**Student:** 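The structure is given below, and queries will be raised subsequently.
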Amino acid sequence: MRLLTHNMLSSNIKGVANGFPLGLEVQKFVEKQVDFNPDFLKNMFPKIEWKALVTAAKTMGYAELPEEVESSMLESEDFLQKFHHALLELHLEEGALICPETGRRFAVTKGIPNMLLHEDEV
Amino acid sequence: MSSRPELQAPPEIFYNESEARKYTSSSRIVEIQAKLSERAVELLALPDDGVPRLLLDIGCGSGLSGETLSEYGHQWIGLDISQSMLDVALEREVEGDLLLSDMGQGLALRTGVIDGAISISAVQWLCNADKSCHNPRLRLKAFFGSLYRSLARGAKAVFQMYPESLAQRELILGFAMRAGFAGGVVVDYPHSSKSRKEYLVLTCGPPSVSTAIPSAKGEDGESCSDDDDDSSGDEEHTVSISDRHRPRKKLKVSKKGKDRKWLLKKKDQQRKKGNIVPPDTRYTGRKRKARF
């Protein structure tokens with residue numbers, strides 16, 4: 001699972017008002033090369049919750065991202081490369097996602113988070 | 001009708017390892033899936049500017065439809081309820097991210113982040129009640145509601161589906177409309193029984209010129225897209241949800257309860273079996289007095 005997906009996921013357990021961002025529990029992560037596409041990054045940038053991305057990237061051991069961003073930084077090739085690496089190339093293989101309100105663990109195995117809810121959580 | 005997979009078992013059971021294997025080994029299935037997803041992407045009508053979008057593949061299975069999305073250069077997130085199908089997708093090394101998730105529980109996504117959604121042959125599964133806690137209407141509502149929230153304004157969602165009956169199609173469409181979607185059904189090749197394919201094309205946001213329903217393939221000039229105003233007022237209308245349930249035994253319970261005749265019959269049955277039963281007297285099956 002890439003951090004792009006992590007940035008989109010939000011806990012949908014019944015009664016949880018703000019299920020974002022999900023906490024990360026990393027047991028194993030991998031890096032995979034992905035083609036660099038600045039158009040996609042520019043399109044995605046307004047939709048990304050930056051703080052959550054920075055925190056998640058740090059948990060995965062990547063601390064190159066700046067804490068504060070503005071859209072003018074998208075002109076910089078260097079920034080785009082870092083953004084690209086954090087967003088698309090870091091994969092969580094084994095670990096868990098944790099709901100920020102209830103602390104419920106969503107296990108991640110082989111890169112697939114198990115988002116199935118129990119009957120009483122629907 | 002029994003050949004419909006929906007009527008055989010719940011999706012997470014039906015798509016077991018051997019069934020999932022078919023989705024890589026059978027070239028026929030692969031070809032059909034690829035065609036369906038290509039048409040779905042066409043109906044999605046994303047702006048033709050070469051910018052990759054973030055799309056959602058609902059019921060992605062082994063990732064055949066996702067591969068089509070990757071071919072167009074888009075990033076995608078796929079979700080499916082069957083672990084076996086997702087395992088096959090992992091083997092195929094699909095480019096999108098996969099989630100093990102039940103669409104009837106609502107999508108666990110943030111608001112307004114997805115640029116479009118496709119779904120190939122999956123939505124009709126929502127009309128089944130596979131567990132005692134399942135209510136198809138609530139599941140449809142949760143699904144369309146959460147999808148509407150997660151889509152960006154003006155984004156489209158295209159569902160290829162095989163509704164069991166007209167009523168089922170109306171049920172699905174009705175819940176989509178109630179969630180706030182605009183759109184309708186596009187039927188490709190409506191006159192052919194084999195290549196007839198239905199696509200539910202939905203747009204997030206109020207109807208406008210840009211949300212006009214695309215025309216179907218292979219129809220002879222006549223319009224066959226559904227009326228969009230049939231969403232309300234049919235709540236009393238019952239829809240057969242599944243044939244998979246066993247018929248219930250009819251219980252003969254009269255309002256008054258079990259009477260003397262019933263009791264004598266039961267005692268007789270027990271006597272015939274050779275059990276020791278108290279003799280029938282005038283007190284048999286008589287009510288106790290209230291002061292007792």
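These numbers come from a predicted model, not from an experiment. In what follows, chains are A, B, ... by sequence order, proteins preceding strands, each numbered from 1. Hydrogens, waters and symmetry mates are skipped; everything else that's a heavy atom, side chains included, is used.
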**Student:** Write out, in numerical order, the residues from residues 7-32 of chain A with a heavy atom short of 4.5 Å from a heavy atom in chain B.
**Tutor:** Asn7(A), Met8(A), Leu9(A), Ser10(A), Asn12(A), Phe20(A)
**Student:** Has the side chain of Arg110(B) got a donor or acceptor atom that lies under 3.5 Å from a matching backbone atom of Lys47(A)?
**Tutor:** yes
**Student:** How about residues 33-45 of chain A versus chain B: which residues have heavy atoms under 4.5 Å apart?
**Tutor:** Asn37(A), Asp39(A), Phe40(A), Asn43(A), Met44(A)
**Student:** Which one, Gly104(B), Ser101(B), Ala152(B), Ser150(B), leads in non-hydrogen pairs under 4.5 Å with chain A?
**Tutor:** Ser101(B)
**Student:** Looking only at heavy atoms and a cut-off of under 4.5 Å, which of Glu49(A), Met1(A), Arg2(A) has the most pairs with chain B?
**Tutor:** Arg2(A)
**Student:** For chain B, which residues from residues 104-122 of chain A have at least one heavy atom closer than 4.5 Å to it?
**Tutor:** Lys110(A), Gly111(A), Ile112(A), Pro113(A), Asn114(A), Met115(A), Leu116(A), Leu117(A), Glu119(A), Val122(A)
**Student:** Counting only non-hydrogen atoms closer than 4.5 Å, does Leu107(B) touch chain A with its backbone (N, CA, C, O), its side chain (CB onward), both, or neither?
**Tutor:** backbone
**Student:** Considering only heavy atoms, which portion of Ile77(B) lies under 4.5 Å from any heavy atom of chain A: side chain, backbone, both, or neither?
**Tutor:** side chain
**Student:** Count the heavy-atom pairs under 4.5 Å between each of Leu79(B), Ile81(B), Ile114(B), Leu90(B) and chain A, then report the option with the highest count.
**Tutor:** Leu90(B)
**Student:** Do Leu99(B) and Thr5(A) come close enough that some side-chain heavy atom pair is under 4.5 Å?
**Tutor:** yes
**Student:** Which atoms of Leu86(B) come close to chain A, meaning under 4.5 Å heavy atom to heavy atom: side chain ones, backbone ones, both, or neither?
**Tutor:** both
**Student:** Pick one of side chain, backbone, both or neither for Asp49(B), based on which atoms fall under 4.5 Å of a heavy atom in chain A.
**Tutor:** neither
**Student:** Is the CD atom of Glu12(B) crowded by more than 12 outside heavy atoms at less than 6.0 Å?
**Tutor:** yes
**Student:** Who pairs with Glu70(A) by side chain to side chain contact (heavy atoms under 4.5 Å, CB included), at least two apart in sequence or on another chain?
**Tutor:** Ser72(A), Met73(A)
**Student:** Decide if atom CD of Glu17(B) counts as having more than 12 heavy atoms of other residues, nucleotides or ligands within a radius under 6.0 Å.
**Tutor:** no
**Student:** Out of Asp115(B), Thr111(B), Leu109(B), return the one with the most heavy atom pairs under 4.5 angstrom to chain A.
**Tutor:** Leu109(B)
